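What follows is a short report on a single structure.
Each chain gets a letter, A, B and so on, in the order its sequence line appears, and its residues count up from 1. Here the structure is a predicted model, which means the values were calculated and not measured.
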Amino acid sequence: MANNENNQRPVRVRFAPSPTGPLHIGGVRTALYNYLFARQHGGTMILRIEDTDSRRFVPGAEDYINESLAWLGIKIDEGVREGGNYGPYKQSERRDIYREHVKMLLDAGKAYIAFDTPEELEQAHAANPNFQYDASTRVNMRNSLTMSKEDVDALIAAGEKYVVRFLINPGRDVEVHDLIRGKVVINSSILDDKVLYKSSDDLPTYHLANIVDDHLMEVTHVIRGEEWLPSSPLHVLLYEAFGWQDTMPQFVHLPLLLKPDGKGKLSKRDGDRLGFPVFPLEWHDPKSGEISSGYRESGYLPEAVINFLALLGWNPGDDTEIMSMDELVSKFSFDRCARAGAKFDFEKGKWFNRHYLQQLDDAVLAEKFVAVLRAHGVNPDDFGMEYVTRAVAMVKDRISFVKDLWEQAKFFFVAPTEYEPKAVKKRWSEQMPQIMEELIGVLQGIEDFSSSAAEPIVLGWITEHGYHMGNVMNAFRLTVVGECKGPHMFDITELMGKEETIRRIKVGIENIKLPEA
RNA sequence: GGCGAUUUAGUGUAGAGGCCUAGCACGCCGCCCUCUCACGGCGGAAACUCGGGUUCGAAUCCCGAAUUCGCUACCA
């Protein structure tokens with residue numbers, strides 16, 4: 001049995017994307033599961049580029065795939081960049097290998113040559129909407145089964161375009177053993193004689209290239225999306241046709257990632273429409289010039305994306321949710337994989353991002369904040385990194401993204417010029433300018449402006465005069481922050497300093513207008 | 001249409017005949033903390049697709065239907 005053979009072979013898995021555009025987040029998850037499984041078994045992770053569709057090739061896509069996986073921490077052991085003993089790892093560079101294998105099939109009578117043009121096939125479909133190129137119809141088509149060898153050779157010699165089709169014998173129940181779904185049976189009669197090779201570009205189709213490469217690269221587990229389940233019997237048949245059934249890999253078909261709303265597979269279009277990216281990195285489409293947002297550029301940490309993705313379709317069996325890559329590697333298993341597709345709703349992903357952001361060291365976060373400050377016209381050098389770091393430390397527990405830091409901490413760098421009307425209405429009153437003047441006096445008299453020293457003095461003064469604690473403190477906050485939110489008031493003033501604090505109160509007294517009655 | 005897969009709260013999931021008055025997390029709502037907003041703590045609303053069986057007993061087993069998704073290309 002293939003099973004027993006596989007249990008003895010070293011684990012080798014592959015992630016095999018087509019360079020037809022940016023790597024989709026669903027593809028990322030497939031890559032992740034492959035990676036987790038490989039690592040767990042001390043196996044090898046292969047990255048194979050499946051560029052057998054010359055017409056759909058998109059420049060830059062291959063680099064994008066490499067860069068995405070690198071950013072996410074999914075390390076490739078063998079591939080175009082990494083090298084390895086089973087190369088080349090790009091299918092367009094394996095033409096000789098495929099040609100040779102096509103010939104093997106042809107010689108063994110397991111495949112045949114077909115000359116039907118796209119137009120002829122279209123006609124066949126027009127005449128019969130249920131038309132399928134198979135045992136019931138191939139006898140009426142222009143192929144090497146219905147033509148003489150001389151005619152076939154003559155056509156090929158004349159440069160006629162042809163394809164090689166897999167000859168499928170009908171009426172057989174083909175079993176596929178899937179590690180997640182168990183045994184799946186499909187009758188070979190519903191399969192068509194798939195095109196394995198096209199002479200037009202001298203390239204195989206996915207099915208042939210896939211089987212040949214997986215075999216030659218000694219892949220032990222084919223872990224891929226569920227969209228491949230219906231064609232997996234065809235793949236089983238191909239392994240048999242080559243006589244490779246004893247080393248046929250184990251199949252694992254992962255549930256798909258679906259749109260959070262509506263219906264269908266999560267797609268490119270859903271990206272910006274839904275308010276979160278569906279691509280790991282920002283993508284500039286070379287043709288349309290269209291830009292699609294990416295997780296990296298949107299401020300997500302790779303750990304958060306990985307953690308969230310891992311839990312879409314798999315769980316460790318207990319309530320653990322926060323897991324590092326290493327923990328995922330040790331806990332992962334196919335028998336804890338879900339079978340139904342998961343709606344890709346990134347709300348929870350935000351929560352993961354928030355979690356990992358909180359774990360970051362204040363100084364590291366401050367460094368990340370520098371770019372945001374500059375983007376808002378603030379030169380961090382005017383304040384110094386210690387100041388930036390202390391400001392970040394005070395507000396970090398209220399952010400989900402690095403960019404949120406600006407909204408939460410901007411007042412540390414820019415004095416308010418406007419005052420939130422609602423807060424003014426609630427906390428500013430006729431006598432408030434006078435009280436604020438008094439506050440200035442109190443603050444001026446404080447030697448040690450630290451939070452712990454200043455707080456009791458100010459609070460004592462408020463109580464002593466019978467002022468309303470909430471109103472006075474919030475009016476104070478209003479002048480310094482511009483609105484009624486933010487960290488502990490005296491922590492703010494400690495960092496800002498006496499001079500700046502008093503200056504802001506004065507500006508506030510001047511500029512805050514009592515709302516019209 | 002055909003074939004296959006699939007089905008627990010809004011979302012991701014736990015659950016493998018009695019432990020289920022169905023657990024956890026995100027989100028949502030409320031309360032507490034408090035100078036504010038957050039954080040945090042506490043609490044709440046919210047689900048077994050439907051119909052038949054089997055069984056003393058079913059979210060869990062069987063049958064049927066429905067649902068959703070995928071495939072049905074000289075795309076992967």
Residues in residues 229-239 of chain A with a heavy atom under 4.0 Å of RNA chain B, by number, are L229(A), P230(A)
Atom CG of L179(A) and atom C1' of A5(B) are separated, to the nearest Å, by 16 Å
Any donor-acceptor N/O pair, Q408(A) side chain to K396(A) backbone, under 3.5 Å: no
Contacts satisfying salt bridge (charged side-chain N to carboxylate O under 4.0 Å, His left out) that involve residues 119-128 of chain A (not counting sequence neighbours) are E120(A)-R142(A)
Requested in this report: Can you tell me, in whole Å, how much space there is between the P of A16(B) and that of A22(B)?
Outcome: 15 Å
Per-nucleotide protein contact along nucleotides 22-35 of chain B, 5' to 3', at a 4.0 Å heavy-atom cut-off (B base, S sugar-phosphate only, - neither), is --SBSS-------B
Whole-Å distance, R56(A) CZ to A73(B) P, equals 15 Å
Rounded to whole Å, the CZ-P distance (R336(A) to A16(B)) equals 10 Å
Residues 198-209 of chain A vs salt bridge (charged side-chain N to carboxylate O under 4.0 Å, His left out), sequence neighbours excluded, gives R95(A)-D202(A), R99(A)-D202(A), K198(A)-D201(A)
Exercise for review: Considering only atom P, compute the distance from U36(B) to C48(B) and round it to an integer number of Å.
Suggested key: 42 Å
To the nearest angstrom, the CD-C1' distance between E483(A) and A38(B) comes to 12 Å
**Prompt:** If you measure from the C1' atom in G2(B) to the same atom in A47(B), how many Å do you get, rounded?
**Reply:** 34 Å
Taking a pair to mean Watson-Crick or G-U wobble geometry with both distances below 3.5 Å, G27(B) pairs with none
From the candidates C75(B), A5(B), G70(B), the one with an atom nearest any side-chain atom of E227(A) is G70(B)
Query raised in the report: Looking across every strand, which nucleic acid part, if any, lies under 4.0 Å from T52(A) by heavy atom: base, sugar-phosphate, or nothing?
Result: sugar-phosphate
request  = Select base, sugar-phosphate, or nothing to describe what G317(A) touches, counting heavy atoms under 4.0 Å on all strands.
outcome  = nothing
Sequence neighbours excluded, the answer for side-chain hydrogen bond (donor to acceptor under 3.5 Å, both in side chains) partners of S451(A) is D491(A)
Paired to C3(B) by Watson-Crick or G-U wobble criteria (both distances under 3.5 Å) is G70(B)
Residue set satisfying side-chain hydrogen bond (donor to acceptor under 3.5 Å, both in side chains) with R477(A), at least two apart, ordered chain then number -> none
Practice item. Under 4.0 Å between any heavy atoms, over every strand shown, what does R224(A) touch: base, sugar-phosphate, or nothing? Just pick one. Key: nothing
Out of A76(B), C74(B), C3(B), minimum distance to the side chain of E50(A) belongs to A76(B)
R29(A) meets the salt bridge (charged side-chain N to carboxylate O under 4.0 Å, His left out) criterion, sequence neighbours left out, with none
Legend entry - Electrostatic pair K90(A):E62(A) at N-O distance under 4.0 angstrom: yes
With C1' as the reference atom in both, quote the distance from A73(B) to U11(B) in angstrom, rounded to an integer.
35 Å
Closest to the side chain of L312(A), out of C75(B), G4(B), G12(B), is G12(B)
**Message:** Looking only at the side chains, is there a donor atom on one of N34(A) and R14(A) sitting less than 3.5 Å from an acceptor on the other?
**Reply:** no
* For D178(A), answer base if it contacts any base atom (sugar-phosphate contacts may also be present), sugar-phosphate if it contacts only those atoms, and nothing otherwise; contact means non-hydrogen atoms under 4.0 Å. => nothing
message: Side chains of Y89(A) and D213(A) only: does a donor on one sit below 3.5 Å from an acceptor on the other?
response: no
Paired to C35(B) by Watson-Crick or G-U wobble criteria (both distances under 3.5 Å) is none
Here the distance between atom P of G12(B) and atom CZ of F346(A), to the nearest Å, is 14 Å
From the candidates U36(B), A14(B), A76(B), the one with an atom nearest any side-chain atom of C484(A) is U36(B)
By the Watson-Crick or G-U definition, both distances under 3.5 Å, U49(B) is matched with A65(B)
Comparing nearest nucleotides in RNA chain B, the 5'-proximal residue of the pair T205(A), D345(A) is D345(A)
Checking N1-N3 plus N6-O4 or O6-N4 for Watson-Crick, or N1-O2 and O6-N3 for wobble, each under 3.5 Å, the partner of A22(B) is none
In whole angstroms, the gap separating C1' of G12(B) from CZ of F344(A) amounts to 12 Å
Atom CG of L203(A) and atom C1' of A76(B) are separated, to the nearest Å, by 13 Å
Here the salt bridge (charged side-chain N to carboxylate O under 4.0 Å, His left out) pairs for residues 307-322 of chain A, sequence neighbours left out, are E321(A)-K348(A)
Taken to the nearest whole Å, CG/L258(A) to C1'/A5(B) is 12 Å
Notebook entry, point to check: Is the backbone N or O of L208(A) less than 3.5 Å from a side-chain atom of H101(A), with the two atoms forming a donor-acceptor pair by type?
Noted result: no
Got a list of protein N/O to nucleotides 44-46 of chain B N/O distances below 3.5 Å?
none

Review point. Quantified in whole Å, what is the C1' atom distance between nucleotide U8(B) and nucleotide A25(B)?
Key: 15 Å
* Please state the C1' separation for the pair U49(B) and G44(B) - nearest whole angstrom. => 27 Å
* Using a heavy-atom cut-off of under 4.0 Å over every strand shown, decide if S188(A) touches base, sugar-phosphate, or nothing. => nothing
Side-chain atoms of V163(A) come closest, of G15(B), A76(B), C74(B), to C74(B)
Using the C1' atom as the point on both nucleotides, what is the distance between U6(B) and A66(B), in whole Å?
12 Å
Re U54(B): Watson-Crick or G-U wobble partner, both distances kept under 3.5 Å, found to be none
For Y419(A), the side-chain hydrogen bond (donor to acceptor under 3.5 Å, both in side chains) test, sequence neighbours excluded, returns none
Think R339(A) has a side-chain N or O under 4.0 angstrom from the OP1 or OP2 of U68(B)?
no
By side-chain hydrogen bond (donor to acceptor under 3.5 Å, both in side chains), R138(A) pairs with (sequence neighbours left out) D193(A)
Regarding the side chain of D397(A), the nearest nucleotide among G4(B), G15(B), C39(B) is C39(B)
Next on the checklist: Taking A9(B) as the reference, what is the distance to C75(B) when you measure between their P atoms (whole Å, please)?
Outcome noted: 40 Å
By side chain to side chain contact (heavy atoms under 4.5 Å, CB included), E438(A) pairs with (sequence neighbours left out) Q434(A), W461(A), H465(A), Y467(A)
RNA chain B nearest-nucleotide lookup for H125(A) and A342(A): closer to the 5′ end is A342(A)
Using a strict cut-off of less than 4.0 Å between a Lys/Arg side-chain nitrogen and an Asp/Glu carboxylate oxygen, indicate whether R55(A) and D53(A) qualify as a salt bridge.
yes
For this session: Describe the nucleic acid contact of K265(A) in one word from base, sugar-phosphate, nothing, applying a heavy-atom distance below 4.0 Å.
Result: sugar-phosphate
